[in-house]
Asker: 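Below is one structure. I have some questions about it.
Within every chain, numbering begins at 1; the chains are lettered A, B, ... in the order of the sequence lines, protein sequences first and strands thereafter.
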2 protein chains.
Amino acid sequence: MNMRHLEIFLRVIEQGGFTKAALAMRLTQPTLSAAVRQLEESLETQLLNRLGREVVPTTAGRLLCGYARRIFALRQEALSELQALQAGEQGQLLLGGSTIPGTYILPQLVAGFSRDFPQIKVNLRLAATETIVSALREQLLELALVGGAVDDRRFDVIPCFGDELVVIVPLGHPWAGYENISEKELADVPMLLRERGSASRRAFELRLTEHGVDIPAERLIAEVGGNEALKQGVLAGLGVAVISKLAVVGEVNRRELVALPFAAGPLRRSFYLIQVKGFKLSVAAERFKALVLSRF
Amino acid sequence: MNMRHLEIFLRVIEQGGFTKAALAMRLTQPTLSAAVRQLEESLETQLLNRLGREVVPTTAGRLLCGYARRIFALRQEALSELQALQAGEQGQLLLGGSTIPGTYILPQLVAGFSRDFPQIKVNLRLAATETIVSALREQLLELALVGGAVDDRRFDVIPCFGDELVVIVPLGHPWAGYENISEKELADVPMLLRERGSASRRAFELRLTEHGVDIPAERLIAEVGGNEALKQGVLAGLGVAVISKLAVVGEVNRRELVALPFAAGPLRRSFYLIQVKGFKLSVAAERFKALVLSRF
DNA sequence: GCATATTCATCGATAAAACCTATAGCTAAT
DNA sequence: ATTAGCTATAGGTTTTATCGATGAATATGC
């Protein structure tokens, strides 16, 4: 029982004859005769009563007719939905972001996207880069903007946007009036750092190594698991910290914290737009990707 | 989009790969590759993400997958129902009968049939032979047992069962003790007859013509549109009547009426099992037909 | 890091089917 | 009885489905 046979069968019933149906389908009558015969043979049931003048379905034929109509309705519905999906008229965008880009970059982009495509539901998930990467592989996400470099050939990675790491100190700190801070000076003050594995910590440590600086363990006051906690620590006077400039724009403007660039030049780090290589993006995701790259 | 393509597509998703699905379907892997490619081309949408290790559906693929499953569920349901119909495990028997056979023959047959096949619903419709014939043509009925001969090549007519026409008189009537009544005697008494077109009236008039007897119009007290009314008329003493023996079995046994055969020999008339020629009977109807013929 | 194994895509050939033309056979209407 | 209209069948052609062999890409094991 294939679609073609069912379609021919339906048309013969609707048109009330093989010849009429053949005309309507732009086929010849023997083709329809053969198709219906094959259908009847495969079901081992007579489906149509061929009377001289008219062709009417048997009981079995009427039963099958109802099912065939439902099957074609489903097929039509599937085709319509696929087309709508293809045209981007509906759909869901499963988006991921690691902390910094997810907090300070993606929300604005998503806002713009939702304005342009209000019919697409956006689901933004924030988590550590590693978690995001796993979620991508498991198809829980389609696209993500993360702060950590992803060294995995199974992913397409596009550097995109970026950030500068700055040293933050509380307002009354001796460095508060400085223009910048040399890498060496950082070795001699109490410091708060993000946890190991954090992309910003890695970038910072790389910079120190480049300048031959090593932070003694006793200067490391705390390892903090989040940017908010890091800021709170600095505000409380526990020490200085290195953090994304984006994360302290508010505090700096409100003169609660002072952000100092590095003396050897700004410590930039890139964000990365990542997706699973070979994975076809949905139309929604494709559009979001285009938006991100155009804004960048 | 045909069933084969959908089936292959589903199996590839279920098995998680082309090769595995090919093995499960006893086909080769290139066949499945080609089928899915064609499906994708016809829909102008990528349905599967081919990663090195695994094959997973895209958003569009998941959407189609759901529809495909529903389509196959419908197909399966249709096949099951057709099989059940074929096996006679369910179904409806649309049966017709003209007055006499429908009242005195069919009910017993239907009772026996329902005992044998309780899962089949029987719908018995009683009407004049002409009405039954129309209903058969319009597929409102499949099979009927009628008293009138059907002279129409579009029908299969099987003579089946039969009846004897008798003269009935009330208990106190002068003829009540007679063995039989000659055709000539009938011309001289008040008579009640069924309406013109009734099969029993036709049979009776044919017999009179054969014996050169003609009933004068003044002897015809009434034309009555039903066998019950005919009996009531005779019971009321309006006259004598000719009626199916089957219709007066009760009254004769209760000694309310006396039934007299014709002197020239019993006036038999046949009933006919009719169906539209070329019309495939349902399994239920086929079984009923077999039952009728076996009881006959 | 390199060979091996696994997997999907592609190509050419063949088997199967879908389809067409011509025609026979049947029914219904003139 | 003849004709018109319809379906079934036969035989041949085109299209589609399938297979076997092979290549390219990716993961696995040493």
Asker: Estimate the overall bend of the helix from C:dG1-D:dC30 to C:dT30-D:dA1 from the end axes over five pairs each, rounded to 10 degrees.
Answerer: 30°
Asker: For residues 275-296 of chain A, which residue pairs pass the ring-ring contact (aromatic ring centres under 6.0 Å, His included) check, not counting sequence neighbours?
Answerer: A:F113-A:F288, A:F161-A:F296
Asker: Let me know, please, whether A:K277 or B:R26 comes out on the 5' side of the other along DNA chain D by nearest nucleotide.
Answerer: B:R26
Asker: Distance check, rounded to the nearest 0.5 Å: A:I71 atom CD1 versus A:M1 atom CE?
Answerer: 6.0 Å
Asker: Tell me what B:N49 touches on the nucleic acid: a base, only sugar-phosphate, or nothing, going by heavy atoms under 4.0 Å.
Answerer: nothing
Asker: Rounded to the nearest 0.5 Å, how far does CG of A:L136 lie from CG of A:D156?
Answerer: 11.0 Å
Asker: Got a list of side-chain donor-acceptor pairs under 3.5 Å for residues 72-80 of chain B, not counting sequence neighbours?
Answerer:
| from | atom 1 | to | atom 2 | distance (Å) |
| --- | --- | --- | --- | --- |
| B:E77 | OE2 | A:Y67 | OH | 2.9 |
| B:S80 | OG | B:Q76 | O | 3.0 |

Asker: What N/O pairs connect the protein and nucleotides 7-9 of chain D at under 3.5 Å? Give each pair on its own line.
Answerer:
| from | atom 1 | to | atom 2 | distance (Å) |
| --- | --- | --- | --- | --- |
| D:dT7 | OP1 | A:F18 | N | 2.6 |
| D:dT7 | OP2 | A:F18 | N | 3.4 |
| D:dT7 | OP2 | A:T19 | N | 2.7 |
| D:dT7 | OP2 | A:T19 | OG1 | 2.4 |
| D:dA8 | OP1 | A:R50 | NE | 2.6 |
| D:dA8 | OP2 | A:S33 | OG | 2.6 |
| D:dA8 | N7 | A:Q29 | NE2 | 2.9 |
| D:dA8 | N6 | A:Q29 | OE1 | 3.2 |

Asker: Looking at side-chain heavy atoms only, is the closest gap between A:D152 and A:V157 below 4.5 Å?
Answerer: no
Asker: On DNA chain C, which is the earliest and which the latest nucleotide, 5' to 3', with an atom closer than 4.0 Å to a heavy atom of chain B?
Answerer: C:dT7 to C:dA28
Asker: Is B:R137 close to A:L51 at the side-chain level, that is, under 4.5 Å between some pair of heavy atoms?
Answerer: yes
Asker: Using salt bridge (charged side-chain N to carboxylate O under 4.0 Å, His left out), reason through B:R202 and B:E205 one step at a time and then give a plain yes or no.
Answerer: CA-CA 5 Å; B:R202 263 205 303 267; B:E205 287 176 339; over 6 Å; no
Asker: Does CD belonging to A:E44 count more than 12 external heavy atoms closer than 6.0 Å?
Answerer: no
Asker: By side chain to side chain contact (heavy atoms under 4.5 Å, CB included), which residues pair with B:R69, not counting sequence neighbours?
Answerer: B:L10, B:E14, B:C65
Asker: Does D:dC19 have its OP1 or OP2 closer than 4.0 Å to a side-chain nitrogen or oxygen of B:T31?
Answerer: yes
Asker: Verify salt bridge (charged side-chain N to carboxylate O under 4.0 Å, His left out) between B:E40 and B:R37, making sure each step is shown before the conclusion.
Answerer: CA-CA 5 Å; B:E40 290 180 327; B:R37 178 169 45 74; over 6 Å; no
Asker: If you assign each of B:R154 and A:R4 to its closest nucleotide in DNA chain C, which residue comes earlier from the 5' end?
Answerer: A:R4
